[in-house]
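Shown next, in structure tokens, is the structure this report addresses.
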Amino acid sequence: MEKIKNRETFSSGLAVFFATLGSAVGLGNIWKFPYLTGQNGGGAFLLVYFLCILFVGLPIMLSEFYIGRKTRKNAVGALEQLKPKTAWKSIGIMGVAAAYIIMFFYSCVAGWVYYYLFKAVKGDFVGVTMEAAKAQFGAVIMGPVSPIIWQVVVLVVVSTILAMGVKQGIEKITKTLMPLLFVLIIICDIRALTLPGAAEGMNFLFHVDFGQLSATAVLAALGLAFFKLSLGMGTMMTYGSYFTEDNNMFSTAVKVALSDTLVSMLAGIAIFPTVFSFGMEPGAGPGLLFMTIPLVFSQIPFGSVLLVAFFFLTAIAATTAMLSLVEVPVAYLSEERGISRKNATVLSAVLIAIVGVLATLSVDKASLLGHITFFGMGFFDLFDYISSNILLPIGGLLIALMMGYSIKHEEVVAELSNHGKLKMAKLVNVYFILIRYVTPLLLIVVFLNSIGILKF
Ligand code: TRP
């Protein structure tokens with residue numbers, strides 16, 4: 001038997017599920033999923049995304065849970081404990097870097113959400129037309145001062161919660177508010193589906209046309225799968241380290257992936273019918289959510305109250321996701337580097353605010369810093385691309401290789417089956433086939449395809 005480890009854990013199985021879902025569900029579902037699906041042609045992208053979740057996302061999520069719960073440590077410490085004095089811990093170090101890079105642009109978009117909540121409360125969207133919705137989004141991102149202020153507000157909120165310690169807070173918030181978000185998105189769906197021309201939007205989302213699928217789209221779908229499920233950089237390791245000893249991690253992974261995907265689908269069903277009904281461009285990019293949702297609520301009873309509720313719950317979802325991002329460096333700095341939790345949090349927030357401003361000032365070509373580009377991307381797109389499409393999949397590949405080839409099978413069997421309490425033999429075999437062969441191969445093929453070495 002293992003020694004009892006005196007590290008704080010989530011309070012129950014249900015709390016484990018909701019906290020983990022709180023990390024997964026965020027701007028990825030409501031903002032990124034719809035706009036990437038729109039840019040990459042709809043149904044075929046969606047199908048590839050599902051395959052990525054199943055064959056890459058799930059096995060990696062389970063691996064991260066294993067690493068975290070087995071060691072009960074932060075991402076870097078966990079890998080050091082599993083494979084002492086090896087290079088595997090660079091996965092954790094890369095993860096810390098990825099967490100910051102994601103936060104540089106995530107805090108900017110979260111700032112827009114907070115700002116939209118404020119504007120919705122003020123009544124800025126009452127009876128809004130399509131032109132007005134577009135103009136308002138333009139004004140919000142061009143700022144230049146207000147989006148920076150809201151980004152800073154976001155970071156103050158996130159760091160205050162983090163400095164107080166995450167577990168109880170996250171549990172309570174997600175357990176009550178996540179179901180509400182779910183209900184509200186379903187209300188959006190009903191409204192969107194009853195708009196004239198809704199069918200065209202549904203057709204866009206669900207009609208699979210492989211002619212639309214480019215190599216970059218496949219890489220984007222893969223990157224989205226990582227981003228969505230908070231994988232490839234240690235978030236799920238860190239959360240796994242707070243899991244209860246009797247948690248069935250297999251079922252947690254499946255439930256989280258399914259629920260998360262459901263939320264994304266429901267968001268897509270709210271957005272695309274609206275886009276087509278109003279004759280907007282599905283490939284409009286990062287503004288898609290912000291231009292459509294005010295329209296969804298513009299002409300229905302209690303529309304302005306529902307709009308406030310929508311942005312409030314989206315702000316909460318974005319915030320719990322950010323907590324899980326920043327928790328990775330904070331846990332690392334405080335547990336491995338001897339910096340107090342509070343200082344680690346402040347340090348991280350200041351770094352994110354300083355570099356994050358570059359993202360906020362380069363969202364659009366016409367933005368203040370929009371003219372500075374790297375490989376054709378401004379800071380905002382660059383941070384997103386480097387993290388989602390490069391660092392997370394590479395982190396994932398390394399995790400798969402380590403789990404598949406460098407960890408003893410019996411140890412994994414023991415941990416995943418809670419030391420024999422769960423009957424897992426068959427499932428663990430499937431897991432090993434995936435993590436050794438299927439997941440790494442898919443990752444490598446998508447990479448080679450995207451840089452043009454392999455063509456299919
Ligand atoms: N999954 C979250 C979302 O979709 C974002 C997120 C939280 C994340 N933690 C992460 C992404 C870790 C990558 C890695 O909004």
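Note that ligands are numbered from 1 as they come in the structure, with each ligand's atoms numbered from 1 the same way. The analysis underlying the following values was restricted to heavy atoms, covering all of them including side chains, and did not include hydrogens, waters or symmetry mates.
- Ligand 1 does not have W31 within reach: every non-hydrogen atom of the residue lies 4.0 Å or more from it.
- Of the charged side-chain nitrogens involved, at least one lies within less than 4.0 Å of a carboxylate oxygen, so that E245 and R72 count as a salt-bridged pair.
- Taking every heavy atom of T235 and a limit of under 4.0 angstrom, the matching atoms of ligand 1 come to 9 (N), 10 (C), 12 (C).
- Side-chain contact annotation: S406 with K83, donor-acceptor N/O pair under 3.5 Å present.
- Of all the heavy atoms of K228, the ones lying under 4.0 Å from any atom of ligand 1 are found in both the backbone and the side chain.
- Ring orientation note: the planes of F310 and F297 are tilted relative to one another, at an angle of 30° to 60°.
- Residue-ligand proximity, A321 to ligand 1, at heavy-atom distances under 4.0 Å covers atoms 2 (C), 7 (C), 9 (N).
- Atom 3 (C) of ligand 1 has A24 O, 3.3 Å as its closest protein atom, hydrogens excluded (heavy atom only).
- A donor atom on one side chain and an acceptor atom on the other are not found under 3.5 Å apart for T235 and S230.
- The shortest N or O to N or O distance between V25 and ligand 1 is not below 3.5 Å.
- Side-chain contact check for Y242 and E327: at least one donor-acceptor pair (N or O, by modelled atom type) lies under 3.5 Å.
- The nearest heavy-atom contact from the protein to atom 15 (O) of ligand 1 is Y106 OH, 2.5 Å.
- Ligand-side atoms of ligand 1 in range of S324: 7 (C), 9 (N), range being under 4.0 angstrom from any heavy atom.
- Under 4.0 Å is where a charged nitrogen must lie from a carboxylate oxygen, and between K73 and E335 no such pair does.
- Looking only at heavy atoms of the protein, atom 11 (C) of ligand 1 is closest to F227 O, 3.1 Å.
- Ring planes of F243 and F10: tilted class, angle from 30 to 60°.
- With a 4.0 Å heavy-atom cut-off, ligand 1 is reached by the backbone of S230 and by its side chain too.
- In terms of N/O distances under 3.5 Å, ligand 1 is approached by G28.
- Tested against F104, the residues F383, F379, F380 include a single ring-ring contact (aromatic ring centres under 6.0 Å, His included) partner, F383.
- In terms of polar-atom proximity, defined here as any N/O pair under 3.5 Å, L27 does make such a contact with ligand 1.
- Taking the six-membered ring for Trp and the full ring otherwise, W112 and Y116 have centroids separated by 6.0 Å or more.
- No N or O atom of I102 sits closer than 3.5 Å to an N or O atom of ligand 1.
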